[in-house]
Amino acid sequence: MTKVVIMGEEIMSSVIGPTGPEQRRLANNVMKEALNRAGLPFKSISYVVATGYGRINVPFADKQITEITCHARGVASFFPDARTIIDIGGQDSKGIKINNGRPIDFVMNDKCAAGSGRFLEIIADTLGIKIEEMGELALQSKNPAVISNICTIFAEQEVVDKLAEGIPLKNLVAGILESLANRVSRMVKRLKIEREVILTGGVAKNAGMVQALSDKLGYPVSVPPEPLLTGAVGATLLGKEIAQKAKERDESPERKERSLKEIEIL
Amino acid sequence: MAEEKKKHKKRRTATEAAASIGPMVKEFISGTLRAKEEGRKVAFTFIVCLYDEILRAMDILPVWTENFAGICGAKRDAERFLERSESLGLSRSLCTYALCGIGFDQWREELGEMPPDAPWGGQVRPDMMLSSGQILCDPRNKWYQASQLYMPDVPVYNIDLPYPLYEDDVEFTDVRDYYVKHIIEELRGLVAFLEKQTGTKMDYDRLSETVDLGERTWNLIWETYDLRRAVPTPMGTGDAMNTMVPMCFMMGTQEAYDFFLGLNKELKEKVARKEGVVEDEKYRLLWGGGLPSWFALSDFNYFNSKGAVFPAETTYRMIESMYQIYMPDTNDPIERLAWRWFGYWVFWHNKARKRPGSHPDVEWLIQYIEDYKIDGIVMHEAFSCRTWHLGLIWQLNQLAKIYKPIPVLVLGKDGKKEKTNRELPSLVLESDIIDITTYSEVDTRNRIDAFIETLESVAKSKVH
Amino acid sequence: MNEKNSDIFSRIESYYSDYGQRAKELKNEGKKIIGYVCSFIPLEIITAAGCVPFRMRGDIHEPITKGNINLETIACPFYRSCFDLSVKGRYDFLDGSIVAHACDSMARTYAVWKYTLDLPYSHFVNLPHTLSKSSMEFFNEELNTFRKSLGGFAGKEISDDDLAEAIGLYNENRDKVKALYELRKPDPPIISGTELTKILTVGASLPVAEANQLFDEVLEELGKRKESPLKKVRRIMIDGACVDNIELVKLIEDLGGNVVIDTLCNGTRDNLPHTDIGGDPVSALADRYLNKINCPRTYRENKEQDLHKDLESRFGDIGFYAREFKADGAILYVYKYCDPFGFEVPARKAYFDSIKLPLLYLEDEYSAGTIGQLKTRIQAFLEMLG
Amino acid sequence: MAGCVIGIDIGSASSKGVVFCDQKILGSYVIPSGGNYKLTADKVREELLSRTGLSLRDIVYTVATGYSAKAVTFADDLRTDISCHSKGAFYCFPSARTVVDVGDLHSKVFRIDDKGGQLKFLLSGKCAGGSARVLKVIARVLQLKVEELGALSLKSRKRVDFNTGCAVFAESEAVGRIAEGVAKEDLLAGIHRALAAQLYSLAERVGIKEDFALVGGGARDAGLIKAMEEITNLDIFVPAEPHLTAALGAAIIAEEISNA
Ligand SMILES: Nc1ncnc2c1ncn2[C@@H]1O[C@H](COP(=O)(O)OP(=O)(O)O)[C@@H](O)[C@H]1O
Ligand SMILES: Nc1ncnc2c1ncn2[C@@H]1O[C@H](COP(=O)(O)OP(=O)(O)O)[C@@H](O)[C@H]1O
Ligand code: SF4
Ligand code: SF4
Ligand code: SF4
């Protein structure tokens with residue numbers, strides 16, 4: 001998903017744009033929408049930081065910073081005591097250890113969709129349910145189905161077959177979440193996890209997943225009010241810092257040529 | 001290791017001897033815990049490192065770390081230790097025995113006590129660790145050094161055990177003297193280390209006795225396993241994966257000898273009664289390489305259910321009786337051990353030289369195919385152990401190139417049927433020794449089904 | 001850039017991208033070309049035999065296909081790539097290949113390598129794992145066996161004088177590499193990591209005398225660089241096995257870090273240690289290869305049962321180079337399925353921790369396809385260094 | 001007539017049936033498998049009979065195979081698709097010795113002997129990255145039918161490098177490439193090349209022996225066939241209806257059994 005946060009002294013507007021592979025084309029639209037809501041013209045924005053998987057494809061950004069650094073900063077602004085971040089987005093998942101708002105170690109998985117939120121999107125699609133419903137459905141299950149395939153595509157087939165066998169939907173969904181929780185927890189355990197643990201990214205909106213992950217780790221994980229936005233908030237904070245530092249030196253920050261145009265896709 | 005099947009589906013063994021292994025393993029795990037309490041010295045050890053008899057003669061109790069990992073695997077309780085190792089920075093692509101062991105040890109050291117619900121009471125903290133540097137296996141060279149990071153006070157002794165690879169222009173006899181000399185030196189170094197650790201001197205008469213006992217046991221095992229040539233075969237590889245326990249973990253003890261006496265008797269009786277692993281033996285297969293998936297030994301039963309049996313395997317096996325292994329006239333037990341090592345690893349060199357395109361590893365397969373009337377070969381490619389699993393595919397390919405034992409008729413150019421020979425069919429299974437996340441029962445059984453269909457179609461086309 | 005400058009660098013570029021072109025020429029002139037992959041091959045013996053040692057490379061852009069025949073996917077991906085290229089005929093000019101007992105991926109596949117490539121000559125050099133007196137004697141004998149065997153193939157008895165001469169040439173070579181490394185010490189360095197990787201890679205594909213000459217020309221050319229072409233940014237060390245494609249180093253440099261030092265097989269590990277001269281040449285070689293090449297495949301004993309002393313004795317060279325070259329951060333780069341390095345990752349991490357050098361640990365395959373994944377990780381690491 | 005037999009292949013994507021009489025194909029039928037394999041199986045048989053004008057009594061033997069062969073309750077026997085593909089490919093090309101099946105979830109490779117019996121086989125692993133599913137995924141993002149992929153790919157002049165690491169992420173990678181301005185046909189050619197490399201690499205693991213045949217749903221894709229030819233440097237044999245091979249093989253086995 002594409003998210004834009006505009007910040008002055010505090011957050012002036014934030015927009016979460018539609019998901020899907022078309023994100024890059026939509027970045028400018030989301031930006032325009034955010035400017036609209038804040039009632040600001042684009043040229044009044046002193047600095048733009050792009051982050052996330054598609055950060056290189058933002059033609060109107062002044063600087064690209066990885067989501068690892070941005071998430072760390074964003075989360076720290078909400079949870080000063082946070083030590084570990086687990087971020088599960090649509091393209092990857094990662095674990096970040098932080099100290100004073102800065103990442104000190106991280107692991108990530110971005111090769112296989114089965115370890116990302118994309119896995120849930122595909123299964124939801126196959127099962128004909130909304131991604132937003134998955135969490136609640138799973139929480140109703142007492143008897144999660146065992147999903148034996150790891151691969152998204154194989155698991156997709158497996159849930160179809162299991163559904164035909166008459167296994168209740170909620171148990172299937174719970175099984176799917178458990179399978180993702182397993183994979184993510186195995187990965188983040190490669191860091192020596194310290195508490196407090198914060199879950200971010202779109203998947204943190206899934207209450208069933210929050211539960212499944214807490215169960216796997218053996219202690220609760222916290223979720224920020226808008227888990228989708230932490231990365232963007234972090235990017236804004238880092239952008240502000242850069243702009244301020246430049247100001248202290250009485251310079252204007254190094255900026256790129258920006259273009260708020262649509263990228264042609266398809 | 002295999003006996004943990006009880007917890008899951010109980011695996012059916014063909015022999016009583018194999019069924020008796022469970023308590024035996026349990027006993028020597030708890031035995032090491034007891035010994036430690038009683039103040040006896042315990043050492044971390046690997047199989048196939050030549051020091052079995054030396055340890056026995058010095059009353060040092062070996063803790064077979066591969067065995068413990070195997071047990072965790074068979075109990076399907078290795079995952080948490082594997083994950084712990086990963087959290088230390090060790091890749092899942094490394095030997096999962098080692099990962100399981102290091103993960104367990106680190107956890108025990110961190111807690112100062114056994115990790116919760118440790119399988120069979122857990123793996124004891126050792127007084128010393130005996131690694132070995134050999135062509136055979138890097139983890140044997142690196143594992144204990146890695147564990148030492150979490151118990152720096154426990155000394156490691158690494159014993160170098162080389163053997164020559166097969167070359168065109170160098171015969172093993174050209175290099176034998178300096179190989180054996182080095183091995184002898186290394187063994188003497190080990191003895192000196194052990195003497196220092198225990199504060200007692202080696203009793204060489206006793207060592208001679210244990211080496212003697214070891215050699216007698218070796219021969220007995222060879223003889224006993226050879227009984228499996230019988231048709232129908234009285235014991236399969238599934239059982240051999242149990243009876244490997246006294247072979248690999250108890251050499252140099254009377255118990256091991258007695259165990260194989262019992263097995264020998266049992267097999268002879270079965271052979272006399274023509275009692276096979278399965279009632280209607282259709283296909284005789286060679287387990288041609290690879291360690292099994294310890295959590296899925298019941299796959300052997302699945303083979304059996306299709307009329308397929310495994311009279312032989314190259315895994316955990318004495319290649320030949322000691323009589324066939326070159327041994328100079330010496331009474332020095334250390335020298336005997338060194339010669340045994342050398343003789344074992346070059347055993348097939350001479351045979352390989354006689355067959356164009358052959359190689360010792362391939363020659364070994366051919367020998368067993370002929371001795372045991374084999375119809376097909378199964379290998380297991382365990383993804384985390386390079387040691388036993390690299391080169392298997394090549395062995396199959398090379399074998400197929402130089403050895404075609406099945407007579408068939410083909411349609412020749414002129415339309416007439418001609419007799420030719422074709423290769424043995426083979427199956428490669430892919431999974432791991434203890435990492436259950438690599439295994440799929442459906443997939444595995446599907447492959448076995450297809451392989452059985454292959455054997456069927458080959459049997460049909462065979463001309464007698 | 002003047003004429004000659006562009007000349008030497010374009011020659012390097014051409015040798016790098018068409019790897020082995022000089023070896024092909026030499027082959028046509030009747031030379032015997034002997035391929036090898038690992039730093040433990042005593043090149044001095046090959047040179048003394050009148051043959052040309054040729055370091056085989058992998059190619060991260062070439063998907064492994066034909067190499068799958070006979071070689072399991074659980075072998076080291078770097079080694080598999082070298083094998084794949086060989087099966088595909090990229091190294092058809094080789095007369096022989098030599099494999100050392102470095103790791104399971106090499107040792108356990110010697111037969112696969114030997115039978116599949118089916119070159120006129122092949123030999124396995126068996127190295128001991130330990131550093132005892134007996135190990136040294138054994139290795140000495142093993143080197144003599146190799147000397148005899150290769151001499152047989154080359155049709156030449158390799159004399160002590162031949163060996164001494166080759167040792168001299170290689171020591172010279174190591175001096176020149178050292179001089180190249182010296183150019184990395186200034187901040188910003190005079191030479192980029194990408195350039196040096198190319199130069200060293202090319203050097204390993206040439207007869208040592210030609211490599212020496214090439215290095216001389218490069219040094220002369222670089223001597224004219226009054227100013228560094230690079231920016232003053234974070235100084236990065238790479239620790240690991242063999243990195244013989246420039247992509248990783250280039251990626252780091254593109255993302256805004258200077259690669260200034262390494263402890264890699266085809267870097268300092270192999271290129272800097274000298275062979276002692278004056279005594280028995282074979283013993284001196286045994287000593288160089290077994291004692292002086294600090295590789296995890298050789299067991300270095302923890303003599304005092306002390307964690308820190310152990311780390312220092314095993315990894316002290318890392319700290320030494322990091323200080324000498326003023327590294328700000330290090331990347332531990334390990335191939336999947338590599339046992340010698342894989343088992344040391346926790347200890348290496350502990351060591352980097354003890355010398356307070358920030359570390360990024362990357363486990364990678366040997367494929368250009370993973371560059372995208374490395375990018376975010378390396379960029380985040382550079383951001384962490386600030 | 002000695003009687004006819006049916007071979008039926010219930011795949012994860014599509015189900016296929018073949019009626020076989022006296023070593024000849026009398027009729028065939030393909031439908032998507034859907035969720036209820038049993039119903040699908042019944043439907044396939046029904047259609048086969050009505051299309052060939054045969055009645056149930058004419059069918060002396062039925063062999064089922066494929067992902068959900070067990071759902072074919074009326075089958076007399078089951079066989080793995082490995083055996084069936086081998087038989088089917090051999091029937092089409094008696095000279096074929098290496099057969100690669102590009103299926104929906106798995107790709108498989110078999111070495112067969114001069115009787116169509118398989119000697120060795122290998123399956124792609126637990127990752128769908130190297131299967132025909134990638135084609136389906138890509139077709140969807142490009143808003144094309146899978147049937148259209150081949151022809152378009154053949155038009156490519158400038159193939160791009162593509163990484164089909166993950167069948168799912170292939171989608172976003174494809175979108176990214178299009179965003180960079182890569183033409184659809186060049187992208188497709190890249191994908192076909194990447195898939196072909198994976199198949200080739202799988203095939204080399206059993207060792208390729210000529211002739212080389214490509215079967216399964218993926219083999220209907222002319223772009224993939226071309227890419228295979230390029231990368232293997234071999235002539236690739238593809239049956240007219242490659243997706244039917246396993247069903248055909250099942251029918252042949254059925255006939256063998258009924259004649260025995
Ligand atoms: N309302 C929601 N409820 C549950 N899950 C959601 C919701 N919105 C998004 N997701 C999940 O979040 C993922 C996208 O997360 P996001 O952090 O935006 O990823 P990225 O930044 O990689 O696009 C989707 O794949 C989906 O699984
Ligand atoms: N004309 C076509 N061009 C390209 N791919 C095709 C075509 N027809 C089918 N496919 C591919 O073949 C796959 C189905 O193959 P099939 O052999 O029927 O699989 P299964 O037997 O596993 O169901 C689908 O994933 C689809 O992508
Ligand atoms: S690598 Fe293989 S042989 Fe070595 S310890 Fe592990 S399982 Fe045993
Ligand atoms: S990288 Fe590791 S596994 Fe690969 S060749 Fe080098 S030492 Fe061996
Ligand atoms: S396992 Fe499935 S989800 Fe994972 S990379 Fe492979 S195709 Fe993608």
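Within every chain, numbering begins at 1; the chains are lettered A, B, ... in the order of the sequence lines, protein sequences first and strands thereafter.
- Donor-acceptor pairing under 3.5 Å is recorded for the side chains of D/Ser15 and D/Ser33.
- A salt bridge links A/Arg118 with D/Glu171: at least one charged nitrogen is closer than 4.0 Å to a carboxylate oxygen.
- Contact tally against chain A (heavy-atom pairs below 4.5 Å) for D/Ser131, D/Ala174, D/Ser12, D/Ser68: the top residue is D/Ser12.
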Item to check | Verdict with reasoning, D/Phe121 to D/His85, per ring-ring contact (aromatic ring centres under 6.0 Å, His included) | outcome: CA-CA 11 Å; D/Phe121 57 87; D/His85 269 302; over 10 Å; no
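- Of the two parts of A/Glu165, neither the backbone nor the side chain holds a non-hydrogen atom closer than 4.5 Å to a non-hydrogen atom of chain D.
- If you measure heavy-atom distances from A/Ile122 to chain D, the contacts under 4.5 Å come from the side chain alone.
- A cation-pi arrangement is present between D/Arg45 and D/Phe74 under the rule of less than 6.0 angstrom and at most 45 degrees off the ring axis.
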